[in-house]
Structure formats: C-alpha cells, structure tokens
A.B. asks: 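Attaching a single structure in structure tokens format; questions to follow.
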Amino acid sequence: MSQRTSQPTSQRTPQHNSRPGTPDHDRVFGWLDDPSDERGMRFRLDDGSWQRLTYRELAGRTLRAGAALADAGVRPGDVVPLVLPGGEDFVTQFFGLLAIGATPSVLPLPLALRGGEGYQNQLKAITARIHPRHAIADPRYHDVVAENVARLGGGTDVLAPQYADRPEEAPRAWGELAVLQFTSGSRGSPRGLRISMANLATNLRMIQGWMNPVGYGAVTWLPLYHDMGLVGGLLGALTLQVEHALMRPEQFIRDTRGWIAEYGRTPYSNMCMPNFGFERVLSAVRPEDLEGLDFSGLSAVVSGAERIDPAVLARFAALLGPHGFDVRALMPAYGLAEGTLAVTGVSKHHVARMVRAGGLERRLGEKLDVSEVVELSTVPVDEPWTWQVSCGPPLETARVEILDEDGAPQPEGVLGEIYVEGPSVADGYADPAPEDVAKLHDGRLYTGDAGFLLDGELYVIGRLGDSVKINGQNVFVEDIELELVASGAISRRYATVVAGITGGEPKVLLVTERPLGDRLDDALSVIASFTGDAAHAEVRYVKRGTIPLTSSRKPRRRSLWLSYVAGELKERNDS
C-alpha cells in the first residue's frame with residue numbers, strides 16, 4: 001500500500017452525450033425507465049397523514065421536473081444546490097437533475113444549523129466553492145437562499161420546485177458526477193466531495209447486498225443533506241423500488257412513538273440511524289406504547305455515524321424484544337461521506353460482538369489488551385466506554401487496514417488510523433487543498449479515525465483529532481463523553497467534551513449548557529480518571545446555543561476548542 005502523497009487528484013467534468021447509460025447509471029436512476037405500478041413511497045405530511053405515490057407516478061413527476069429544469073436553463077454538468085425538506089419534491093428534483101445530466105448538491109436546511117448568521121455563513125462558504133448558476137429551494141427558504149448564494153460576478157437563479165407537462169420530451173444525459181456531497185464540518189468548514197456515478201453505484205450495490213431489502217425498505221427520518229440519510233436512508237431502497245416511507249427529522253422528534261408504530265404495524269424490514277436516534281426512542285417510547293405491535297419483520301437495524309453505545313443498543317433491543325424483535329437484527333456499521341457511505345457492517349442474522357479492550361492503556365501503534373469478548377444482548381454492560389462494539393467486516397469491494405503514525409500497516413489488535421481503499425471511495429474533494437489530496441486520492445482514504453481490527457472485524461475508537469496524549473497515552477474525548485453520560489453527570493444533548501494542548505499542557509474540557517449542580521464533582525472525577533491529574537480537567541458552563549453544531553447535529557469540537565484557546569468561550573454566571 002502506498003504512503004501518503006500530495007499528487008493532485010484528477011478532476012473529471014461530467015459529460016453530456018447521447019450514448020446509453022452505463023450499468024452504474026442504471027443502478028442509480030434506471031428505475032425511471034421501468035417504474036413499478038405496485039410498489040411505491042409514502043411521504044409524511046405536515047398534518048400527520050401520509051401520501052403514497054407508486055414508483056410509476058413518482059417517475060412521471062421526476063421526468064416532468066427534469067423537463068422544467070431544462071426549460072429553466074439547467075444544463076448537463078451544472079452543479080445545482082438543493083435546499084428542500086424531505087418529501088416528494090426532494091425526490092423529483094434530485095432525480096430530475098440526474099436525468100438531464102446535472103449534479104445535485106444537497107445543502108442543510110436553516111433549522112439544521114439553528115438558522116441565523118451561522119447558517120448564512122455556511123451557505124456562503126458552500127456556494128463559494130460551487131459557483132452555481134441555479135439553485136432549487138422550498139418557497140419558505142427562498143429569501144434566505146437567494147440572499148446568500150449570490151456569487152461574485154453574477155447571480156444565482158433560485159428556482160422553486162416546478163414541473164413541465166411534457167415528460168416524454170424531457171432531455172436525457174449521463175453525467176459522471178452523481179452528487180457533490182458536503183461534509184458536516186465537525187472538524188472544520190464543510191468541504192465538497194465529488195461522488196462519481198461509479199462511486200455511488202458501487203456503494204449502493206454494497207449496501208443492498210449487505211442489507212438485502214426485499215419488498216419493504218424503511219421508514220427513514222434521517223436528514224437528506226447527510227450521507228447516511230441520502231445514500232443509506234433513501235437511495236438504497238428507492239433505487240430498488242421497494243416499499244419505502246420518508247419522514248423529516250422534526251417529524252421524528254415530534255412523533256417518535258408514531259414513527260416506531262409504523263414498524264410495528266407494517267413489515268418494513270430495515271432501520272438506519274445514529275446513536276442519537278436510539279436514545280430518542282428510549283426517552284420517548286414507553287413499553288405500554290408498544291402493545292399490539294409486532295417487530296418480528298424488522299431484520300436489519302443499522303447503527304452508525306456516531307460512537308456506538310452498547311448500553312443504548314441493549315436497552316433498545318430489550319424494549320422491542322417482547323414484541324418479536326430479534327437482537328440479531330442489530331447491525332452496527334462504519335461509514336463516512338468520503339467513502340460515499342458504507343465501509344463495514346455486521347452481517348445480517350449474526351449477533352454483533354463487543355470486546356473490552358485496553359482500558360486506559362491506549363497508545364497508537366501498540367497492541368491492545370483484549371480481556372473479554374461477548375455478544376451484544378439485551379443486558380447492558382457496566383462501564384460502557386471500556387467496551388468497543390464491532391462494526392463488522394469490510395463490505396464487498398472495500399479494503400480496510402490499520403496504520404501506525406508512519407503509515408505502516410499494523411497487525412490485528414493494534415490501535416491505529418483506519419485506512420480505506422476501494423471503488424466507492426469518493427473521487428476527491430472539490431477545489432482540494434494539498435492536505436485534502438494527501439488524505440483522499442485515487443480510491444485511497446486516510447480517515448483520521450482510530451480503531452483496530454480483530455478477527456477481520458473493525459472496532460472504532462474515535463477521531464484522532466479528538467484525542468490528546470497524556471503521559472504517553474491517547475485519551476479520546478468520546479470515551480470520556482460516554483462515561484459521563486453513563487454516570488448521569490451530563491446529558492449528551494447539552495454538553496460535549498473537547499481536548500487539546502494549551503500553554504504547553506494537555507487539557508480536557510467539558511463544555512455544558514446546563515449547570516451540573518451537585519454533579520460537578522462527579523463530572524470532574526470522571527474526567528480525572530482518564531487524565532490521571534485533576535489539573536488536566538476543566539468544566540466550563542456556557543449559555544444555551546454556545547456549542548456549535550454541524551448539519552448532522554454533531555458538536556463542532558475544533559471550533560469549540562479554538563474558541564476556548566482564544567479566550568472567547570465565556571462562562572455563564574446565573575447568580
């Protein structure tokens with residue numbers, strides 16, 4: 001395997017031609033040419049009801065959308081931002097662009113980033129990289145989008161979703177660039193990933209072969225501007241034309257019980273969400289809410305995108321267990337936007353494993369002490385942070401290795417950086433900096449995540465950039481957060497942990513938007529158990545809204561740490 005390189009990634013331009021689509025194009029939007037009359041997609045409406053369209057009806061609407069976009073001046077090769085909530089318009093505009101050879105770029109909605117100046121800055125930063133001639137926005141977002149996507153030297157025409165009445169005349173083209181996917185920005189400003197048609201088609205094949213949805217897909221609520229929501233939550237099922245349902249994130253939050261009831265009343269077989277989603281179910285759904293529901297058809301429940309908490313998964317399985325749910329349906333996975341999405345996953349109908357590995361003795365490049373190996377069950381483990389949940393073996397076409405700090409491959413059981421290689425690794429970043437090219441090039445990806453392999457399965461510890469070395473040991477903030485939550489000292493919704501070097505000394509900082517009261521000493525004790533010295537631990541109580549979030553609701557730890565180092569993280573005084 002080659003070492004890191006700074007050779008430039010080739011930047012391919014989408015092509016417009018009249019040749020038939022390739023198998024990759026057929027995988028992504030071939031359903032438009034042979035849509036089903038029997039199966040379809042349901043969309044949750046604002047009043048709580050559902051609208052169902054067959055795939056034939058959806059395909060007709062999509063082709064009319066493509067014709068209207070072409071009439072509006074969208075051309076093959078154009079990158080067109082979408083600012084649309086999940087619903088019928090999202091599906092038709094997304095595939096309408098692909099059908100005419102243009103490339104959609106799905107942007108966050110204002111509510112995803114608490115609106116205001118932060119959202120406007122995000123829009124400006126993203127569109128400065130795209131320089132779009134057109135954008136498509138829901139009418140309620142038109143003004144904020146129009147105001148902030150105007151590019152220097154020209155304007156951007158902000159279109160509302162619209163449909164021509166001549167689908168048979170809609171132009172067709174086969175572009176090479178399927179999606180320009182912006183990262184969530186948890187480690188800095190968002191960067192655009194060039195997801196080629198081949199990347200996307202390969203990852204869809206990997207996901208579909210792994211999860212094998214037959215007949216029914218999922219009731220998905222994940223945000224579609226995030227790779228897990230777009231590729232895993234929507235495209236994986238839609239492109240197979242299985243029965244599927246789409247909700248918006250705020251609908252899931254408001255009606256979590258209604259969402260879970262859809263699975264208990266209808267044989268949807270797949271579920272996909274981060275740890276936060278499982279926590280939300282556990283906080284909102286009581287055992288009595290599940291009376292009369294049947295979850296025996298739920299055969300693939302994927303957990304990913306965030307650190308996997310084994311205690312949360314155990315409680316989720318225990319909640320649904322009396323109603324037919326099988327713990328073997330839990331399928332922890334690892335993926336990231338730079339990989340298009342999925343990289344590894346626990347095999348279907350296999351019980352996920354957990355290992356107790358390393359304790360506090362975690363050093364990159366050294367073998368971890370694996371003291372226990374157990375199967376994930378409905379019984380929560382003690383000290384959840386000491387347990388690592390298997391994310392399964394690499395999926396088809398993906399290769400995963402663990403590297404030391406010099407980039408050398410390591411044997412099983414050794415902690416290091418996760419490296420991924422394969423045809424679903426993104427084509428590259430748009431307008432890449434040298435460090436971007438060093439990270440991602442020619443189907444090779446240095447993820448910046450720490451983990452280890454054991455019996456061919458991947459275990460993920462956390463972000464290398466979200467760790468600090470203390471007394472020669474790597475301390476990961478996600479470990480500390482997991483223990484703080486398990487101890488009851490903090491709520492993950494209102495607090496986060498960051499770390500770094502300040503004044504030449506390592507520091508672990510707990511930032512909380514809620515006062516800890518009599519749990520302050522407990523929190524400091526937990527942090528000190530990782531740092532080994534109370535001088536390395538600090539708690540900062542700040543006003544609500546201070547913790548910056550990414551579009552996928554993750555804390556922007558780097559920004560938070562830089563604010564602390566610059567003296568800009570002001571402590572709140574309620575006295």
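All of these numbers come straight from a predicted model, not from anything done at the bench.
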A.B. asks: Please determine if Asp436 and Arg191 form a salt bridge, counting it only when a charged side-chain N lies under 4.0 Å from a carboxylate O.
C.D. replies: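 A salt bridge links Asp436 with Arg191.
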A.B. asks: Where do Met211 and Val302 come nearest, in terms of heavy atoms and distance?
C.D. replies: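 In this case the closest contact between Met211 and Val302 is CE-CG2, 3.7 Å.
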A.B. asks: Measure from the ring center of Tyr446 to the ring center of Tyr419 and say whether it is less than 6.0 Å.
C.D. replies: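 Yes: the rings meet the under 6.0 Å criterion.
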A.B. asks: Do Tyr268 and Glu243 pair up side chain to side chain, a donor and an acceptor below 3.5 Å, judged on atom types alone?
C.D. replies: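 No.
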A.B. asks: Salt-bridge test for Arg44 and Asp255: reply yes if a basic N is under 4.0 Å from a carboxylate O, no otherwise.
C.D. replies: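 Answer for the salt bridge query: yes.
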A.B. asks: Considering non-hydrogen atoms only, spot the tightest contact between Trp221 and Gly277 and give its length.
C.D. replies: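 Nearest pair, atom of Trp221 first, then Gly277: CZ2-CA, 3.9 Å.
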A.B. asks: Test your reading of the model: is there a side-chain donor-acceptor pair from Thr397 to the backbone of Pro423, 3.5 Å cut-off?
C.D. replies: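 No: the side chain of Thr397 does not pair with the backbone of Pro423.
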A.B. asks: For the atom pair CG (Asp37) and CZ (Arg56), what is the distance rounded to the nearest 0.5 Å?
C.D. replies: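 It comes to 4.5 Å.
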A.B. asks: Kindly say whether Arg444 contributes a backbone atom to a donor-acceptor pair with the side chain of Asp442 at under 3.5 angstrom?
C.D. replies: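 Not at all, since once roles are kept as given, no pair shorter than 3.5 Å links the two residues.
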A.B. asks: Between Ser36 (side chain) and Arg39 (backbone), is there a donor-acceptor pair under 3.5 Å?
C.D. replies: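 Here the side-chain-to-backbone pair exists.
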A.B. asks: Is it true that Thr340 and Asn203 share a donor-acceptor pair across their side chains at a distance under 3.5 Å?
C.D. replies: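 No pair is found: no donor N or O on one side chain lies under 3.5 Å from an acceptor on the other.
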A.B. asks: So Leu193 and Asp427, do their side chains get closer than 4.5 Å, heavy atoms only?
C.D. replies: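 Not in contact.
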A.B. asks: Are the side chain of Asn199 and the backbone N or O of Ser196 linked by a donor-acceptor pair below 3.5 Å?
C.D. replies: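 Indeed, once roles are kept as given, a pair shorter than 3.5 Å links the two residues.
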A.B. asks: Leu224 and Phe94: side-chain contact (heavy atoms from CB on, under 4.5 Å), yes or no, with the steps?
C.D. replies: CA-CA 11 Å; Leu224 299 175; Phe94 183 93; over 6 Å; no
A.B. asks: Kindly indicate, with the supporting measurements, whether the criterion side-chain contact (heavy atoms from CB on, under 4.5 Å) is fulfilled by Arg307 and Asn275.
C.D. replies: CA-CA 7 Å; Arg307 175 70 174 268; Asn275 193 74; over 6 Å; no
A.B. asks: Report yes or no: do Asp89 and Tyr163 form a side-chain donor-acceptor pair below 3.5 Å?
C.D. replies: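 Short answer, yes.
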A.B. asks: Mind checking whether Glu338 and Thr447 have side chains closer than 4.5 Å, heavy atoms only?
C.D. replies: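 Contact flag for Glu338/Thr447 side chains = no.
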A.B. asks: Does any part of the side chain of Ser269, heavy atoms only, come nearer than 4.5 Å to the side chain of Val214, both counted from C-beta?
C.D. replies: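 No, their side chains stay 4.5 Å or more apart.
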A.B. asks: His226 side chain to Pro223 main-chain N or O, any donor-acceptor pair under 3.5 Å?
C.D. replies: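 The answer is no, because no donor-acceptor pair under 3.5 Å joins these two groups.
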A.B. asks: Using a strict 4.0 Å threshold on nitrogen-to-oxygen distance, state whether Arg172 and Asp33 make a salt bridge.
C.D. replies: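 Judged by the 4.0 Å cut-off on N to carboxylate O distance, Arg172 and Asp33 do form a salt bridge.
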A.B. asks: Is any side-chain heavy atom of Pro85 less than 4.5 Å from a side-chain heavy atom of Leu109?
C.D. replies: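 In contact.
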A.B. asks: How about Glu396: does its CD atom have over 12 heavy atoms from other parts shown lying under 6.0 Å from it?
C.D. replies: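 Incorrect, the count does not exceed 12.
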A.B. asks: Going by atom types alone, do Thr92 and Arg61 pair a side-chain donor with an acceptor below 3.5 Å?
C.D. replies: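 Per modelled atom types, Thr92 and Arg61 side chains form no pair under 3.5 Å.
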A.B. asks: Would you please test Asp78 and Arg133 for salt bridge (Lys or Arg N to Asp or Glu O under 4.0 Å) and show each step?
C.D. replies: CA-CA 8 Å; Asp78 285 354; Arg133 296 193 304 120; 2.6 Å; yes
A.B. asks: Step by step, would you call Arg399 with Glu421 a salt bridge (Lys or Arg N to Asp or Glu O under 4.0 Å)?
C.D. replies: CA-CA 5 Å; Arg399 185 164 73 87; Glu421 185 174 331; 2.7 Å; yes
A.B. asks: Is there a donor-acceptor pair under 3.5 Å between the side chain of His244 and the backbone N or O of Leu238?
C.D. replies: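 Checking the backbone N and O of Leu238 against the side chain of His244, no donor-acceptor pair under 3.5 Å is found.
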A.B. asks: Of all heavy-atom pairs between Asp34 and Gln241, which one has the smallest distance, and what is that distance?
C.D. replies: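 What the structure gives for the nearest pair is O-NE2, 3.1 Å.
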A.B. asks: Quick one: NE2 on His349 to CE on Met331, what's the gap to the nearest 0.5 Å?
C.D. replies: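 With rounding to 0.5 Å, NE2 (His349) is 8.5 Å from CE (Met331).
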A.B. asks: Stepwise, does the side-chain contact (heavy atoms from CB on, under 4.5 Å) test hold for Leu45 with Gln251?
C.D. replies: CA-CA 9 Å; Leu45 304 180; Gln251 293 172 330; 5.9 Å; no
A.B. asks: Do the side chain of Glu262 and the main chain of Trp259 share a donor and acceptor less than 3.5 angstrom apart?
C.D. replies: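 Looks like no, no N/O pair under 3.5 Å.
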A.B. asks: First locate atom CG of Leu53, then atom CZ of Phe43, and finally report the distance between them rounded to the nearest 0.5 Å.
C.D. replies: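 One finds 5.5 Å between CG of Leu53 and CZ of Phe43.
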A.B. asks: Quick one: closest heavy-atom pair of Pro104 and Leu98, and the distance?
C.D. replies: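 Distance-wise, the nearest heavy atoms are CD-CD2, 3.6 Å.
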A.B. asks: Arg27: which residues meet the side-chain contact (heavy atoms from CB on, under 4.5 Å) condition with it, sequence neighbours left out?
C.D. replies: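 Testing Arg27 for side-chain contact (heavy atoms from CB on, under 4.5 Å), a comparison that skips the adjacent residues, returns Ala201, Leu204, Arg205, Gln208, Leu240.
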A.B. asks: Just to verify, what does Arg257 make a salt bridge (Lys or Arg N to Asp or Glu O under 4.0 Å) with, not counting sequence neighbours?
C.D. replies: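 Arg257 satisfies salt bridge (Lys or Arg N to Asp or Glu O under 4.0 Å) with Asp289 only.
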A.B. asks: Kindly compute the distance separating CG (Leu107) from CD (Gln181), expressed to the nearest 0.5 Å.
C.D. replies: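 Going from CG on Leu107 over to CD on Gln181, the span is 9.5 Å.
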A.B. asks: With the threshold set at 4.0 Å, does a side-chain nitrogen-carboxylate oxygen contact exist between Asp46 and Arg248?
C.D. replies: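 Counted as a salt bridge, because a side-chain N and a carboxylate O are separated by less than 4.0 Å.
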A.B. asks: Going by heavy atoms in the side chains, are Val80 and Ile136 under 4.5 Å from each other?
C.D. replies: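 Yes; the side chains approach each other to less than 4.5 Å.
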A.B. asks: If you measure only the distance, is there a donor-acceptor pair under 3.5 Å linking the side chains of Asn270 and Tyr216?
C.D. replies: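 The answer is no; no qualifying pair exists.
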A.B. asks: Search all heavy atoms of Gly456 against all heavy atoms of Pro394 and return the closest pair with its distance.
C.D. replies: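 Nearest heavy atoms, Gly456 then Pro394: O-CD, 3.7 Å.
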A.B. asks: Could you report the tightest heavy-atom contact between Thr344 and Ala333, atom names first, then the distance?
C.D. replies: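 Answer, listing the atom of Thr344 first, then Ala333: O-CB, 3.3 Å.
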A.B. asks: Could you measure the distance from the CD atom of Glu88 to the CZ atom of Arg52? Nearest 0.5 Å is fine.
C.D. replies: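 Answer for the CD-CZ pair, Glu88 versus Arg52, is 13.5 Å.
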A.B. asks: Do the side chains of Cys391 and Glu457 get nearer than 4.5 Å, heavy atoms only?
C.D. replies: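 A side-chain contact under 4.5 Å is absent here.
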A.B. asks: Kindly indicate whether the side chain of Leu230, heavy atoms from C-beta on, has any atom under 4.5 Å from the side chain of Val179.
C.D. replies: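 Leu230 vs Val179: side chains touch.
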A.B. asks: Taking C-beta and beyond as the side chain, do Tyr263 and Met271 meet within less than 4.5 Å on heavy atoms?
C.D. replies: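 Counting from C-beta outward, Tyr263 and Met271 do come under 4.5 Å.
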A.B. asks: With no hydrogens and no angle check, is any side-chain donor or acceptor of Glu57 less than 3.5 Å from a backbone partner on Thr54?
C.D. replies: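 Answer holds: yes.
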A.B. asks: Do the ring planes of Phe316 and Phe325 sit parallel (below 30°), tilted (30 to 60°) or perpendicular (above 60°)?
C.D. replies: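 If you compare the ring of Phe316 with that of Phe325, the planes turn out perpendicular.
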A.B. asks: Going through the distances and angles, do Asp449 and Glu417 end up as a side-chain contact (heavy atoms from CB on, under 4.5 Å)?
C.D. replies: CA-CA 6 Å; Asp449 292 328; Glu417 181 180 9; over 6 Å; no
A.B. asks: Kindly compute the distance separating OH (Tyr459) from CG (Leu453), expressed to the nearest 0.5 Å.
C.D. replies: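 Here the interatomic distance stands at 10.0 Å.
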A.B. asks: Could you list the residues that satisfy side-chain contact (heavy atoms from CB on, under 4.5 Å) with Val425, not counting sequence neighbours?
C.D. replies: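 By the side-chain contact (heavy atoms from CB on, under 4.5 Å) rule, Val425 matches Val420, Leu440, Leu445.
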A.B. asks: Check for a donor-acceptor pair, side chain of His134 on one end and backbone N or O of Pro81 on the other, with a separation under 3.5 Å.
C.D. replies: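 The answer is no, because no donor-acceptor pair under 3.5 Å joins these two groups.
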A.B. asks: Between Tyr225 and Ser105, is there a donor-acceptor pair closer than 3.5 Å when you use the side chain of the first and the backbone of the second?
C.D. replies: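 Side chain of Tyr225 to backbone of Ser105, a donor-acceptor pair under 3.5 Å: no, none is there.
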